[in-house]
Amino acid sequence: MSEQTLSNLSTETRRFEPPADLAAQANVTEEAYDRAASDSEAYWAEAADRLDWGQKWDQVLDWSNPPFAKWFVGGTLNAAVNCADRHVAAGRGDKVALHWVGEPEGDRRDITYAELTDLVCQAANALTELGVGKGDRVAIYMPMIPEVAVAMLACARVGAIHTVVFGGFSADALASRIVDCEAKLVITADGGFRRGSASALKPAVDEALLKSEVDKIEKVLVVRRTGQDVEWQEGRDVWWHDVVDRQPTEHEAEMHDSEHPLFVMYTSGSTGKPKGILHTTGGYLTGTSFTHWAVFDLKDDDVYWCTADVGWITGHSYMVYGPLANGTTQVMFEGTPEKGSWWKVIEDYKVSIFYTAPTAIRTFMKQGREIPDGYDMSSLRILGSVGEPINPEAYIWYREVIGGNRCPVVDTWWQTETGQIMISPLPGVTAGKPGSAMRALPGIAADVVDDEAKPVPNGSGGYLVLTEPWPAMLRTLWGDDQRFKDTYWSRWPGLYFAGDGAKKDDDGDIWLLGRVDDVMNVSGHRLSTTEIESALVSHPKVAEAAVVGATDDTTGQAVVAFVILRESAVAEADEQGEGSDLVAELRAHVAHEIGPIAKPRSIMIVPELPKTRSGKIMRRLLKDVAEHREVGDVTTLADSSVMDLIKQQESTTT
Ligand code: WTA
């Protein structure tokens, strides 16, 4: 992390006290920190008690074989029952669970908890009919429609392990995930709506299933959403409305072991192959439902809206499991935000808690405050941010323009791996500082350490670590315990290394400074430099590629690639003068291999890449070029003239 970032942040002195009325009725107060610190297991047991259990646990935490944790050992529960049936049993069946807002104007649907329960039971019966049972894996590749939540909960109900693949990912990305977790069913839709038109999903599933390594899939369950034409493979493909709709709405739910796997979520790591993060039932549901209640100070009459797509962890923890376990009324939004469309949803449904990402806020800032100023957003009381550090200016704009200077902003730090929010202000307790995630939540132990794992003093920067296990922590990487240990626990024994740099300010509050590994954060989405490099190198014209994340005003970071062509391609390009076509071709290739979100913002064709004598690419120098800075120290390069060549190239192409 640069010194410049550190000093910019330390000049930020604004503070925002919690509103007095909110503080007076807050779900969690200051005393929780001490209470949790004195006995964190008792604290989490109390959080787990908010759920319905079949069998109560015998032991809160088994940490006898670190880093493999077991939470609520001996307990049994059903996540779907906790997210649906139990609210009906408590007499709240008529409460709206989902205000679904589809993309086509006026395409809206309200689903109550009673209806949700029926739908989940029907889908669970359908899964059984399709031969899916406890422990089987199900890939879900769907748009943001209610059926996606129903599908996830139906899997949880029967004990099948879902892996949701973001609908913007390519057929290749889908195939590799299906193969890695050996899924036997795919649940998808004909398509979804994006930016005013129907965008197909089923063809990507068909393409993925054509690959010879994808050999375990028995059925494809397809929701008709857009009505567009689809290829159909008799015997394999079945329509949701044919199979699910005719099922009975009764379904006897089995209570699963607390440590029964709930889902696998693939995420980018610093190597090419995505990691299958495994979450299990009892701890995950406890961690997500409790933090959703605590961090957003959730009350029974709140209307909550998290704008994340269900294809990411935020959609799992804070749209499906956490809020539904809490019996929350929430908005689910299918489309991409047009100017003002989000604010209209807030106005229409009187949203009181709003959770989004800094990249969205920065986009709205650019559009100007006149747009949100045209809507009545006085229903809002709490604003959340997630996915990347929120820069102080975006925080202030969010607070003033969206929150009318009344609503506390909770900047929530967490990861796919942590499952639940870990570091965040509490809206009724914390005097917020713009740009700081503040301190670890009660019951969570985080620190910032130096290279020797020693906690840094206040005022210094270092690496963010978690020093105690927590309920929603990942249990392992799917099928790869060794990689789990190596990736997160090997740098310093006993400490979970998050991969983020952070700083403690003079009060000991934490400021996140971004990734310190080869993971980029583009619009709050995690992308691996290596994965994109591999995609580029898989193109027949590319000999070598290096990718860096360059600072970008809107997306946080942007993908910038440097590519060396194969000799044959160089000759061809010279002949035809097709440099820009080639760049377009390579960008499209990355979109096809991984997904449009991974498309490089720019690609520079270069004659050489800067390497150390041991052959390691020095991305730091490429980052200097990508961010149009003076290139740093080149003395460790095997050939220090390489950077001159690249700089020359840059000046001729930009
Ligand atoms: C980054 C998303 C600063 C961080 C929930 C982390 C953040 C990665 C914040 C995880 C935040 C997330 N402030 N950085 N409030 N929230 N990050 O797995 O680098 O998609 O390691 O989980 O996002 O991304 P993931």
Side-chain angles (χ1 to χ4, degrees), residues 1 5 9 164 166 168-169 264-270 274-279 284 287-288 291-292 295 306-319 321-322 355-362 383-392 394-395 398 409-425 430 432-441 444 446 448 461 463-466 472-474 477 487-488 496-503 509-529 549 555-557 597-598:
M1 68 225 68
T5 331
L9 290 178
V164 180
F166 174 54
F169 275 137
V264 177
M265 170 99 251
Y266 286 87
T267 186
S268 296
S270 47
K275 300 177 290 198
I277 308 294
L278 177 70
H279 284 290
Y284 176 79
T288 55
T291 50
H292 178 252
V295 171
C306 164
T307 64
D309 190 281
V310 71
W312 307 100
I313 192 67
T314 309
H316 282 52
S317 300
Y318 296 105
M319 193 180 75
Y321 290 107
Y355 192 28
T356 194
T359 181
I361 299 165
R362 288 191 299 263
L383 301 174
S385 171
V386 61
E388 52 175 319
I390 180 164
N391 36 315
Y395 178 111
Y398 194 27
V409 174
V410 288
D411 173 12
T412 64
W413 179 90
W414 58 293
Q415 307 178 295
T416 307
E417 291 85 345
T418 68
Q420 63 177 84
I421 297 171
M422 304 294 281
I423 304 177
S424 168
T430 317
K433 303 176 183 176
S436 171
M438 304 301 290
R439 60 199 277 209
L441 290 177
I444 298 296
V448 180
Y463 306 100
L464 183 69
V465 294
L466 301 168
M473 67 194 282
L474 77 167
L477 296 180
T487 310
Y488 303 104
Y496 170 92
F497 174 42
D500 282 29
K503 179 201 145 136
D509 291 322
I510 295 176
W511 300 68
L512 275 305
L513 300 173
R515 302 287 304 193
V516 294
D517 54 11
D518 293 334
V519 173
M520 290 172 291
N521 192 325
V522 179
S523 299
H525 297 153
R526 259 164 86 165
L527 294 170
S528 134
T529 52
T555 59
Q557 283 190 312
I597 43 163

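First listed ligand is number 1; within each ligand, the first listed atom is number 1.
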Parallel, tilted or perpendicular: which fits the ring planes of His525 and Trp312, with parallel below 30° and perpendicular above 60°? parallel

So CD of Glu417 and OH of Tyr496: to nearest 0.5 Å the spacing works out to 4.0 Å

Using the side chain to side chain contact (heavy atoms under 4.5 Å, CB included) criterion, which residues pair with Arg439? Sequence neighbours excluded. Glu30, Tyr33, Asp509

Starting from the C-alpha separation in whole Å, work towards a yes-or-no answer on side chain to side chain donor-acceptor pair (under 3.5 Å) for Thr307 and Thr356. CA-CA 5 Å; Thr307 64; Thr356 194; 2.8 Å; yes

Angle between ring planes, Tyr355 versus Tyr318, binned at 30° and 60°: parallel, tilted or perpendicular? perpendicular

Hey, is the main chain of Ser317 close enough, under 3.5 Å, to the side chain of Tyr284 for a donor-acceptor pair? yes

Which protein residues come within less than 4.0 angstrom of ligand 1, counting heavy atoms only? Ile313, Thr314, Val386, Gly387, Glu388, Pro389, Asp411, Thr412, Trp413, Trp414, Gln415, Thr416, Asp500, Leu512, Arg515, Asn521, Arg526

